[in-house]
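Please read the structure below before turning to the comments.
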Amino acid sequence: MPQPTVDPYDPQAIEAKWQRIWEERKQNEVRENPDRPKYYLCEMLPYPSGDLHVGHARNYTLGDVIGRFLRMRGNNVLHPMGWDAFGLPAENAAIQRGIHPREWTAHNIANMRRQLRRLGVAYDWSREIDTSSPEYYRWTQWLFLMMYRRGLAYKKEAPVNWCPNDNTVLANEQAEGGVCWRCGAKVERRLLKQWFFGITAYADRLLAGLETLPEWPDRIKTMQRNWIGRSEGHTVSFAVEGASGDRIQVFTTRLDTIFGATFLAVAPEHPAVQVLSGGTPQRATVQAFAEELKDKSELDRTQLMAKQGVFSGGYALHPITNARVPVWVTNYVLATYGSGAVMGVPAHDQRDLEFARKYALDVVQVIAPPADQNQPPSGEAFVDDGVLLNSGEFDGLTSAQARVRIGAALAAAGNGEATVNYKLRDWLISRQRYWGAPIPFVNCPDDGLVPVPEDQLPVLLPDEAPFTGVSGSPLESVPSWLNVTCPKCGGPAKREAETMDTFMCSSWYFLRYLSPHDSKAAWEVDDAKYWAPIDRYIGGAEHAVLHLMYARFFYKVLNEAGLVPGDEPFLRLFNQGLVLGENNERMSKSRGNVVGIDAMADTHGADALRVFEMFAGPPDADFPWSTAGIAGATRTLARIWRLVLAHPGCCKDPAASDADSGGDREVRYAIHAKIKQITDELGDRMHLNTCVAAIMTLLNELEAHAGVRENDRSRQNIHEGLRALVLLLAPFAPHITEELWERSGGTGSVHVQAWPSYDATALVRSSLPIVVQVNGKRRAAVFCAPGSSEEDVVALAMRESTVTAQLDGKTVRKRIFVPDKLLNLVVG
RNA sequence: GGGCACGUGGCGAAAUUGGCAGACGCGCUGGAUUUAGGUUCCAGUGGGGCGACCCGUGAAGGUUCGAGUCCUUUCGUGCCCACCA
């Protein structure tokens, strides 16, 4: 039969058409609706760096497929988008190219918004936010004041990480590995007065909360646990010889080794250093050593330099034996962890052993290896638990027993207590840069630090500031902004000339989406009660200890303030994999392997881009870009286009036609098996790649059947299949399905249709293939009715020559029978 | 040095619980249509063998009627952490 000629598939025309219509209809805007189960879906908000590439497209398409699917399943889906718009690159652009950060940022946002629309993502754009707008950062400042009111924001002088390239301090999390997270410059140490948030007070709550998040990747939870670094041990107090009252506190997890402590090691910043060296011949040496280390970062001290130290000139007294213990000033003890002092137990700590050997300090063994363990080779410390010796009355105890008993003895004497330490430090929040939310405080000569009253928020960023890149905050050079009156006394005062870490802006943005235009509050508590927490949060693993930790901390505080329900913001977390360049390397401008969204949408269409990216691999795994692969997706869509349009009216409501659920069982089985498979895999399992494969398989089968028979009945089956195909494909390829739906008699938008449900009776098979194995190797498959007995299947199997050939002259010793699946004959 | 992932055709990959390894797509080969190419369509495509069959999921062992899947050892790749006392 001659096929009617149809228009060729023209993705650019279709995509532009529907993007315009969806926008006119406000199709993707969503309101609170108590009658439908809510689903809050969110991707981590992007930094507007300029251009989106296919890696971004993957991330956002992933969310869009899930969102569209859930909407068709009846959920009230909130899926918003916004911009993490403060930050250094905008300011660097200003320094390098003379463009105002605001202008640069706005330009990038406009471009990226256009690209996301072009991708067809169903965001509710009426809720779009920009963290650099005064309407937004007003509330960031308000939350800063809330933290201050709750005693969680404070200013103190501390050794901090300083990036000499970006001229700003960095949080610990942003200086991992001793390099700046943004520019990679080596971080220096400086003693500065800075603002902090008291995240360490929440360390245990942050740890405990992880246990309530089964749908977070274990990898991320492990990284957070490691970063929090909870460590149980004891603080032990050593008296300083000859200085009554002065004591040195050390933290140890190995109290059982205390009789082996032959020296104390302290950081050069430790306050006891002055006391110990004062009046001794070592004084000058100690000061020179401290001076040398002063500006060195932890990376420099602990990894780039060998262990070294100098004798402080003084001694401490062992809290149990009262022995004289020399105190050494070293580079390997961190000033910022524990108390900045440790007891050196060279026999049972590898680091202490290295140090003791270098400086000929005593090594005293106090732990014997347990019976089933050997002494370590010479040169290595025995660091495991064992049995105590050379430990006075505690000899013979196991390490575990000794920790308890010695702990009790020290506590009784007032020389020690059980302590928990954390690697996590308080969050350094202030930045000496322009393009951020100003810290809403005023310095008054009389009243000190005074918070800006809430009704005077926002503290606006001044429009102009010198963007020179030289040290110091640019805001300090804007007198008209800097000089104000004190809110308390009305006298002359100066603003805090610093801005907040941008991670502060992104710690709460997902709540602003809920009430984006509210001018009375950061968000309505009722809206939060309806929408929060985020049901599915999608983003990269690089934020494991930055954004994801800060936001959890923030949310716990907000919960205590009664502003949000629950105490975890992200119920399910999903880390998508990277799209690598065609050469299998990470996409980057410098490698020249970046593939942009616009280029792909121009040549293949946004739908093909989406389908290919969902198809190319499992969503949590990396895969390399393939331009040949996207061409395949275009081909598949064109086949669907032709097949659907060759069957006019196939998307009509089947209830309105004279549908007959009978017909060709083969076709109906194929259709309904795929509906079931795709529904299952798109839901909790998130196997989006196999969903696309299943759609392709369904297409293959429908195509094959459409070619063979042409009668009313078979055509009805094909129509049923094509209608399902369009609906199943709709989340992946929203434009082509909308067009096909419209052209084929569908009513309304395809994206608000009910997700197809499968007909269980179509899945009932009259005969099933049962695999027959001999000694575990497949020899045949026999077809029989579901529920057939073992005997029946054996009888059928014995008719297969490929089976009997293997049984020739042997006896069947054992039969394994899995009903409806498998028969294994074991012969000897 | 420690931790966590992951190793399957020429390539991207699939394989809920241990039960037909390689679905689906790319690429490739041959053919049809067109013919200038492309598009489209058909057939084939893990290796070996004429064949019945044999081999095959980084490597080596083990458990099991049966292992890509579980266990042990080992090699390789990637990511994270790393003198935290």
Side-chain angles (χ1 to χ4, degrees), chain A residues 8 176-178 217-223 225-227 229-231 233 250-254 257 265 298-299 301-303 305-307 330-334 336-345 348-352 354-355 421-425 541-542 544-545 578 584 611-612 615-618 620-633 635-636 638-639 642 680-681 684-685 687 689-700 703 707 769-781 801-802 805-806 813-818 821-827:
Chain A
E176 281 195 54
D218 289 335
R219 209 167 109 247
I220 303 295
K221 289 195 278 192
T222 303
M223 283 166 74
R225 281 189 198 104
N226 289 343
W227 191 261
R230 183 188 156 96
S231 172
V250 306
F251 175 73
T252 179
T253 56
R254 290 300 304 276
T257 66
E298 284 180 4
L299 180 84
R301 294 189 196 194
T302 60
Q303 283 180 62
M305 297 169 77
K307 278 188 190 57
T330 73
N331 63 341
Y332 79 96
V333 172
L334 308 175
T336 50
Y337 183 74
S339 53
V342 302
M343 61 182 200
V345 185
H348 304 292
D349 184 289
Q350 191 60 34
R351 299 155 299 184
D352 295 345
E354 276 171 44
F355 190 79
N421 250 322
Y422 301 92
K423 261 176 63 179
L424 184 71
R425 316 292 161 80
E542 68 272 20
V545 291
L578 296 172
N584 240 313
V611 167
F612 171 64
F615 174 64
D620 54 352
D622 298 350
F623 71 82
W625 178 255
S626 162
T627 300
I630 190 178
R635 231 166 5 239
T636 300
R639 279 169 62 202
R642 290 192 297 269
D680 291 347
E681 299 203 332
D684 294 334
R685 298 219 305 157
H687 284 198
N689 52 331
T690 56
C691 289
V692 178
I695 289 170
M696 289 169 171
T697 309
L698 178 57
L699 168 64
N700 291 344
E703 228 171 30
I770 295 186
V771 173
V772 182
Q773 297 180 334
V774 178
N775 284 347
K777 275 193 191 308
R778 179 191 194 273
R779 295 299 169 183
S801 61
T802 50
Q806 298 296 323
R813 285 195 292 121
K814 196 171 173 183
R815 295 194 309 221
I816 309 289
F817 180 65
V818 183
K821 222 171 195 176
L822 172 125
L823 174 70
N824 187 12
L825 303 170
V826 185
V827 298

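Heavy-atom basis, side chains included; hydrogens, waters and symmetry copies ignored. Chain A is the first sequence line, chain B the second, and so forth, proteins listed ahead of strands; every chain is numbered from 1.
Distances shown here put a side-chain N or O of A:Tyr337 below 4.0 Å from the OP1 or OP2 atom of B:A85. Distances shorter than 4.0 Å separate some side-chain N or O of A:Asn700 from OP1 or OP2 on B:G25.
In this structure B:G9 sits in the syn conformation; its chi angle is within 90° of 0.
Residue A:Glu703 holds its CD atom at 10.5 Å from CG of A:Leu698, rounded to the nearest 0.5 Å. Between A:Thr627 atom OG1 and A:Phe612 atom CZ the span is 8.0 Å, to the nearest 0.5 Å.
Judged by the 6.0 Å and 45° rule, A:Lys307 forms no cation-pi pair with A:Phe355.
A:Arg813 and A:Asn775 form no side-chain donor-acceptor contact under 3.5 Å, judged by distance and modelled atom types alone.
As rounded to the nearest Å, B:C50 and B:G38 have P atoms that lie 35 Å from one another. When the C1' atom is compared between B:G7 and B:G22, the two are found 16 Å apart, to the nearest whole Å. Spacing between B:G18 and B:C11 at atom C1', rounded to whole Å, works out to 29 Å. Rounded to a whole angstrom, the distance from the P atom of B:U40 to that of B:U57 is 37 Å. Between the P atoms of B:G66 and B:G2, the separation comes to 36 Å (whole Å). Remark: the separation of the P atoms in B:G78 and B:U8 is 14 Å, to the nearest Å. Taking the C1' atom of each, B:C80 and B:G9 are spaced 32 Å apart, rounded to whole Å. Taking atom C1' on both B:C42 and B:U34, the two are 15 Å apart, rounded to the nearest angstrom.
Here the side chain of A:Thr802 pairs a donor or acceptor atom with the backbone of A:Arg779 at under 3.5 angstrom. Between the side chain of A:Asn584 and the main chain of A:Pro624, no donor-acceptor pair closer than 3.5 Å is present. A:Asn824 places a side-chain N or O within donor-acceptor distance of the main-chain N or O of A:Gly776, the cut-off being under 3.5 Å.
With sequence neighbours left out, A:Lys423 forms a salt bridge (Lys or Arg N to Asp or Glu O under 4.0 Å) with no residue at all. Partners of A:Ile770 according to the side-chain contact (heavy atoms from CB on, under 4.5 Å) rule, which considers only residues two or more places apart in sequence or in another chain, are A:Val782, A:Cys784, A:Val793. Taking the salt bridge (Lys or Arg N to Asp or Glu O under 4.0 Å) definition, one finds that A:Arg225 meets it with A:Glu211, sequence neighbours left out. Applying the side-chain hydrogen bond (donor to acceptor under 3.5 Å, both in side chains) criterion to A:Asp349, with sequence neighbours excluded, gives A:Arg351. For the salt bridge (Lys or Arg N to Asp or Glu O under 4.0 Å) test, residues two or more places apart in sequence or in another chain that qualify with A:Asp680 are A:Lys676. Residues satisfying the salt bridge (Lys or Arg N to Asp or Glu O under 4.0 Å) test with A:Arg815, not counting sequence neighbours, are A:Glu790, A:Glu791. Take A:Phe623 and apply the ring-ring contact (aromatic ring centres under 6.0 Å, His included) test, not counting sequence neighbours, and it matches no residue.
Across all strands, A:Gly632 comes closer than 4.0 Å only to sugar-phosphate atoms, never to a base (heavy-atom distances). At a threshold of 4.0 angstrom between heavy atoms, the contacts of A:Thr252 are confined to the sugar-phosphate backbone, with no base atom among them.
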Walk me through whether A:Leu699 and A:Thr636 qualify under side chain to side chain contact (heavy atoms under 4.5 Å, CB included).
CA-CA 9 Å; A:Leu699 168 64; A:Thr636 300; 4.0 Å; yes

Worked verdict on A:Val345 versus A:Arg254 for side chain to side chain contact (heavy atoms under 4.5 Å, CB included)
CA-CA 9 Å; A:Val345 185; A:Arg254 290 300 304 276; over 6 Å; no

Test side chain to side chain contact (heavy atoms under 4.5 Å, CB included) on A:Met696 and A:Phe615 and set out the steps.
CA-CA 10 Å; A:Met696 289 169 171; A:Phe615 174 64; 3.8 Å; yes

Give the intermediate values and the outcome of side chain to side chain contact (heavy atoms under 4.5 Å, CB included) for residues A:Gln806 and A:Val827.
CA-CA 9 Å; A:Gln806 298 296 323; A:Val827 298; over 6 Å; no

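Rounded to an integer number of Å, the gap from CZ of A:Phe251 to P of B:C83 is 16 Å. At whole-Å resolution of the value, CE in A:Met223 and P in B:A5 are 13 Å apart. In this structure, A:Tyr422 atom OH and B:A85 atom P are separated by 13 Å, rounded to whole Å. If you measure from atom CG of A:Leu699 to atom P of B:C41, you get 10 Å, rounded to the nearest angstrom. For the pair A:Ile630 CD1 and B:G27 P, the computed distance is 13 Å after rounding to whole Å. Remark: C1' of B:G22 and CZ of A:Arg778 are 14 Å apart, rounded to the nearest angstrom. When the P atom of B:A85 is taken as reference, atom CG of A:Leu334 falls 10 Å away, rounded to whole Å. The NZ atom of A:Lys821 sits 8 Å away from the P atom of B:C20 (whole-angstrom rounding).
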Pairwise N/O distances under 3.5 Å, protein to nucleotides 11-14 of chain B:
residue	atom	partner	partner atom	Å
B:G12	O2'	A:Ala616	O	2.6
B:A13	OP1	A:Asp622	O	3.2
B:A14	OP1	A:Asn689	ND2	2.8

Using nucleotides 36-40 of chain B, report all nitrogen or oxygen pairs with the protein that are shorter than 3.5 Å.
residue	atom	partner	partner atom	Å
B:U40	O3'	A:Arg642	NH2	3.4

Could you list all N or O pairs between the protein and nucleotides 63-71 of chain B that sit under 3.5 Å apart?
residue	atom	partner	partner atom	Å
B:C65	OP1	A:Lys814	NZ	3.3
B:C65	O2'	A:Asn824	ND2	3.4
B:C65	O2	A:Asn824	ND2	2.4

What string of B, S and - do you get for nucleotides 43-55 of chain B 5' to 3' if you count protein non-hydrogen atoms under 4.0 Å?
----------SSS

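Between A:Asp680 and A:Met696, the residue anchored nearer the 5' end of RNA chain B, judged by the nucleotide with its closest heavy atom, is A:Asp680.
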Pair assignment for RNA chain B - dot-bracket with | for other-strand partners, Watson-Crick or G-U under 3.5 Å:
(((((((..(((......[....)))((((((.......))))))(((....)))..(((((..]....))))))))))))....

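Closest to the side chain of A:Arg219, from the set B:C24, B:C20, B:C4, is B:C4.
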